[in-house]
Amino acid sequence: MSPTVPEKPSLEGLEEKWAARWEAAGTYRFDRSRPRSEVYSIDTPPPTVSGALHAGHVCSYTHTDITARYWRMRGFEVFYPMGWDDNSLNVVRRVSVNYGVTCDPTLPFDAGLEPPGPNAKPRLAVSRPNFVALCEQLTTELEKAYFDLWSSLGLSVDWSHTYTTIGARAQRVSQTGFLDLLDKGAAYTAEAPTVWDVEYKTAVAQAELEDREMAGAYHRIAFHRADGSGDVFIETTRPELIPACVALVAHPDDKRYQPLFGTTVTTPLFGVRVPVKAHPLADPEKGSGIAMICTFGDIADVTWWRELDLPVRGVMGPDGRLVPVPWGEAGWESDDVESARKHYDELAGRNAKQAQKRIVELLAESGELVGEPKPITHPVKFWENGSRPLEIITNRQWFIRNGGRDPELREQLLEHGRQLRWHPDYMRVRYENWVNGLTGDWNISRQLPFGVPIPLWYPIADDGVVGWESPLRPAADALPIDPSVHVPAGYDESQRDQPGGFTGDPNVMDTWATSSLSPEIVGGSLDDPDLFSRVFPYDLRPQAHDIIRTWLFYTVLRSHYLHGSLPWANAAISGFVFDPDRKKLSKSAGNSPDDPTVLLAAHGADAIRYWAAGGRPGADIPLDPNQFKIGRRLAIKILNASRFVLGLGSVDDGIAPSAPVDLALLARLRVTIAEATRAFDEYEYTRALERTESLFWAFCDDYLELVKGRAYQGDASALATLRITLSAVLRLFAPFLSYATEEVWSWWQEGSVHRAPWPAVEELSVAAGADDSVLAVASDILGELRKAKTEARRSMKTPIVRATVFDTAERLAAARLAERDLREAGVVADLIFSESSAFAVDAELEPAAD
RNA sequence: GGGCCGUUAGCUCAGUUGGCAGAGCACCUGCUCGACACGCAGGGGGUCAGAGGUUCAAGUCCUCUACGGCCCACCA
């Protein structure tokens, strides 16, 4: 009957064996002939290919795979691609080190470039196209290691659908998408105050800011009333910005300062006349209750500057050093130009920290610093990739309207968020908080050497003025282009950067401007519209919660503009993995003490998958070797129990279970199937596993023991039930323990368990309405019989001379239906049922031989 | 400052409409019984963070508090 059941089943080698067979058989290949209604599509997150995958990746990608396997078994054709994110600073660093190069967009493409290698110093500057080529080369190499890990973990990805985020296809989608926004008036360029990283010398977006606690100090500083009637004291943590001060501001209701509103004060050291203004944003509780407004110290300054219609006096340069300013002209007026110039000369060229040190000395000398600075720690804004505090400087950038300044758009985006099914549901709140907290449009231009270029040129008039507002566009079929390499129609290369010629946009786009188009990139919206029509809108976006405000929000925004709809129906938000010491998150590579490759080799893929399945959507989980052990034990148990069941023999398909104990088990199986199915439909795979596991252990510990004897004797009902149950249980476990279940399936079934139909209660209609109390009562009695033997320190095969079961009439009736099985399982010679209000079993063991 | 999640056995966690507190691990005691010693059977172990409220009945619903974690914030 089952010649392929091994004598001693083992988990060893299953990963290599089945990963290879699945790939060879195309088990997970997407059948693109199926219509959208029969497809389940996944917008897979592309891991950054800058180093190594960590336990967090393993966990969250397993969640997605479990989900994919479920829907595949439900009969849907699953579109499960993989992406590689090579458009990120991490990759830039890795490429730079690996090949010994840096990216310089001003250089021409060199077709014969030979990178110098890891130890080159200085590193060789190469053109942007060359750098992109090296990036793709490295990605291809790292991809191999990533593929090996994903493959042995058992991800049911269709590897013929992969994408990168800097490759030509992504660049084309990204640039086309940008031009589309331009057409729709959703993208615009403006010269405006910009959140600026002085280390990388680039603008950054609101979504990429983070606070860090920094040491600072309140400096109490005197401003002088212009009418000579005394001083006004402000407190500031940034005295070096006094030369950039354009006004003082206090709350309109603040009686202390109401007399000052509308008057003028002069700044210390610089003698600049600035107005005193009222604005409700000013907090009477903070500092002295009156603040200086500088252009620009923080985001509040920008708000005040805009709403109070103040002038700009910018002092901060792109490199974070104070720039020279023209005192006495161009608006930089002072009551004492000579003094202002003298003081400022002490600051110009210094960075913020150095300038602060010097100006404090100058203020102390002039007597305008009151008392000693009071040390504090306070949150300071950083770019998440940066190491120096952000500044705000004014320059030209490209923006995408994101609802930050448009209540109607904001409401539409909130509505998209309400329609999206979040798993867990409370993650929606993060999205809503973010959308409601947007303070401006999305700045997508970055002054970085590497990235997808903004695909525009600008005409230069004969007088040298650049026409920023009338960009020159490439033809749609020419994309992707690099404006530092390509030339706009009607011009030739000799006119680059010449009066009467053109200049290329020097900037690249925010990486999120490309990755927010992952649905279009991987679905082939431009080059394979047929495919796109079968996968969009996607069923699932799996991702972590830390990038709701970036990847998720931006993808919703882009889809809103491109399609007027949500890009997916469901968003499954995974948690983080904690290190075993429960202190650190293994969020970034290098922080994980356990390499996933080592973990997989040590415990086996099913064990790792089992652990990962314990992490519910949105919940953080610890990296727990104990869970690996339990998962491994479960997988082995499945092998052994299956071997046992299949070795007992088979019956014809036509024979239906009929014994009450058998029907009771099937009744429970029906409940489990219904619960697991409902849980999966709600993306609660953890519950589905827990229900299945619970049934399986009851099956092994109680049912199997009860029917063993009957099955040995060839009882058709028992044999049929065992095989029916095994088939269903293997399929219920298949999304989780993909290797062990496939191995067992191959012993006695055709095809892959992963393409087998998900179990349905309809398969078990023979047990519809069956009473499962027979099994419950029998299990209770069997437990008492075992207990008697255990407490007597006797073996389980010790015969029982006489056992008396006390129980209610109703339960005794159920027990009688299992009498034969109870006698055999308990080795009971004389089984007596006695009615009683309380359950008890009295067992008399055969006397010990000695 | 606003918001979200959590607090149940030594550990990791279930506990879905309110109805006798659960699992696994760890620990203890046994068992080499015709699937499995990578196993099996049994056992001890909890004031469900605290207080108040609703209810015949609260781990579960409401209010407040404490602690932990996370997100957001205009942080002078």
Side-chain angles (χ1 to χ4, degrees), chain A residues 5 7-11 209-211 213-214 216 218-219 234-238 241 248-250 279 281-283 286-294 297-304 376-381 424 426-434 436-437 439 545-546 548-549 575-576 578 582 585 611 614 616 618-622 624-627 629-630 632-648 675 678-679 682 684 686-687 690-691 693-694 697 700-701 704-705 708-709 712 782-798 827:
Chain A
V5 179
E7 203 41 49
K8 181 82 179 167
S10 159
L11 295 174
L209 307 187
E210 65 182 29
D211 288 345
E213 282 292 327
M214 298 288 288
Y218 278 126
H219 302 75
I234 61 108
E235 291 195 7
T236 179
T237 55
R238 301 210 56 190
L241 293 179
L248 299 188
V249 64
H279 193 280
L281 187 54
D283 183 352
K286 268 182 192 150
S288 59
I290 187 165
M292 68 170 180
I293 302 172
C294 304
D298 60 31
I299 296 171
D301 283 340
V302 177
T303 306
W304 281 322
I376 57 160
T377 60
H378 62 150
V380 176
K381 290 237 179 284
Y426 61 74
M427 286 294 177
R428 174 186 288 106
V429 176
R430 301 232 184 154
Y431 175 88
E432 292 178 343
N433 283 348
W434 179 252
N436 281 320
T439 56
H545 54 69
D546 58 330
I548 288 174
R549 66 180 186 174
F576 286 140
F578 283 94
R582 282 191 79 80
L585 288 173
W611 158 73
R616 294 186 296 164
D620 296 343
I621 65 167
D624 186 357
N626 201 27
Q627 293 299 314
K629 219 171 78 183
I630 297 166
R632 184 176 174 82
R633 192 178 72 132
L634 176 60
I636 291 169
K637 190 78 173 179
I638 289 171
L639 295 181
N640 284 320
S642 301
R643 186 180 93 86
F644 180 55
V645 166
L646 295 175
L648 288 169
E675 288 175 337
R678 193 179 63 187
E682 293 166 0
E684 287 285 351
T686 301
R687 177 187 300 277
E690 190 269 324
R691 299 315 305 154
E693 217 179 335
S694 173
W697 285 108
C700 289
D701 296 344
L704 221 41
E705 294 301 326
K708 218 178 227 181
Y712 281 136
L782 182 60
E784 290 300 315
L785 297 178
R786 286 167 173 162
K787 189 172 174 177
K789 294 177 185 182
T790 296
E791 287 178 347
R793 304 193 165 189
R794 304 287 295 281
S795 149
M796 284 302 124
K797 72 175 181 183
T798 306
V827 202

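Chain letters run A, B, ... following the sequence lines, proteins first and then strands; every chain starts at 1.
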When we call it a touch if two heavy atoms are under 4.0 Å apart, what does Asp298(A) touch: a base, just sugar-phosphate, or nothing?
-> nothing

Atom OG of Ser694(A) and atom CD of Glu675(A): how far apart are they, to the nearest 0.5 Å?
-> 8.5 Å

Distance, rounded to the nearest Å, where Leu634(A) contributes CG and C25(B) contributes C1' | 14 Å

OP1 or OP2 of C4(B) sitting under 4.0 Å from any side-chain N/O of His545(A)?
-> no

Closest to the 5' end of RNA chain B, once Ile299(A) and Arg687(A) are matched to their nearest nucleotides, is Arg687(A)

Reckon Arg549(A) touches a base, only the sugar-phosphate, or nothing at all at heavy-atom distances under 4.0 Å?
-> sugar-phosphate

Base, sugar-phosphate, or nothing for Ala282(A), non-hydrogen atoms under 4.0 angstrom?
-> base

For RNA chain B, produce a single dot-bracket line, 5' to 3'. Pairs: Watson-Crick or G-U wobble, both distances under 3.5 Å. Symbols: ( ) within strand, [ ] crossing, | other strand, . unpaired.
-> ((((((((.[[[[.)...(..]]]].(((((.......))))).....[[[[[..)....]]]]])))))))....

Pick base, sugar-phosphate or nothing for Arg691(A), based on heavy-atom distances below 4.0 Å to the nucleic acid.
-> nothing

P atoms of G24(B) and G42(B), separation to the nearest Å = 10 Å

Hey, does Thr303(A) have a side-chain heavy atom less than 4.5 Å from the side chain of Leu281(A)?
-> yes

Protein proximity profile, nucleotides 33-43 of chain B - base contact B, sugar-phosphate-only contact S, no contact -, cut-off 4.0 Å on heavy atoms = BBBBSBSSBSS

For atom P, what is the distance between U65(B) and G46(B), given to the nearest Å?
-> 32 Å

May I ask you to verify whether the side chain of Arg793(A) and the base of U29(B) hold a donor-acceptor pair under 3.5 Å?
-> no

Rounded to whole angstrom, note down the C1' distance from C36(B) over to G45(B).
-> 29 Å

Euclidean distance, atom CH2 of residue Trp434(A) to atom C1' of A73(B) [Å, nearest integer] | 10 Å

Taking side-chain contact (heavy atoms from CB on, under 4.5 Å) as the test, write out the residues that go with Lys708(A), two or more places apart.
-> Phe644(A), Glu705(A), Tyr712(A)

Heavy-atom side-chain proximity of Lys789(A) to Ser795(A) below 4.5 angstrom | no

May I have the distance from Arg238(A) (atom CZ) to C74(B) (atom P), rounded to whole angstrom?
-> 15 Å

5' priority, RNA chain B, between Ile234(A) and Lys789(A) [closest heavy atom] | Lys789(A)

Report yes if some heavy atom in the side chain of Phe576(A) is under 4.5 Å from a heavy atom in the side chain of Ile621(A); otherwise report no.
-> no

Inter-nucleotide P distance (G6(B), U63(B)), Å rounded | 14 Å

Between A26(B) atom P and Asp624(A) atom CG, what is the distance in whole Å?
-> 11 Å

Rounding to the closest angstrom, what is the interatomic distance between U17(B) and C13(B) at atom P?
-> 22 Å

Whole angstrom value for the distance that separates P of C13(B) from CG of Asp620(A) | 10 Å

Lys286(A) NZ to G1(B) P, in whole Å, measures 11 Å

Distance, P atom - from U55(B) to U47(B), rounded to whole angstrom | 28 Å

Rounded to whole Å, CD of Glu690(A) lies from P of G15(B) at a distance of 8 Å

Contacts of Thr237(A) that satisfy side-chain contact (heavy atoms from CB on, under 4.5 Å) - sequence neighbours left out = Tyr218(A), Ile376(A), His378(A)

In whole Å, what separates the P atom of A14(B) from that of A51(B)?
-> 24 Å

Arg687(A): what forms a side-chain contact (heavy atoms from CB on, under 4.5 Å) with it, not counting sequence neighbours?
-> Ala679(A), Glu684(A), Arg691(A)

Sorted by chain and residue number, the salt bridge (charged side-chain N to carboxylate O under 4.0 Å, His left out) partners of Glu7(A) (sequence neighbours excluded) come out as Arg643(A)

Would you classify Asp301(A) as touching base, sugar-phosphate or nothing, given that sugar-phosphate means primed atoms plus P, OP1 and OP2, and contacts are heavy atoms under 4.0 Å?
-> nothing

Rounded distance [0.5 Å steps], CG in Asp701(A) versus CG in Leu782(A) = 9.5 Å

So, is Lys629(A) close to the A26(B) phosphate, meaning a side-chain N or O under 4.0 Å from OP1 or OP2?
-> yes

At under 4.0 Å between heavy atoms, what does Leu281(A) touch on the DNA or RNA strands: base, sugar-phosphate, or nothing?
-> base

Test: Lys381(A) and Asp298(A) ion pair at under 4.0 Å | no

Atom P, compared across A26(B) and C64(B): separation rounded to whole Å | 43 Å

Round to a whole Å and report the spacing from CZ of Arg430(A) to C1' of A73(B).
-> 15 Å

Spacing of CZ belonging to Arg633(A) relative to CD1 belonging to Ile636(A), to within rounding of 0.5 Å | 10.0 Å

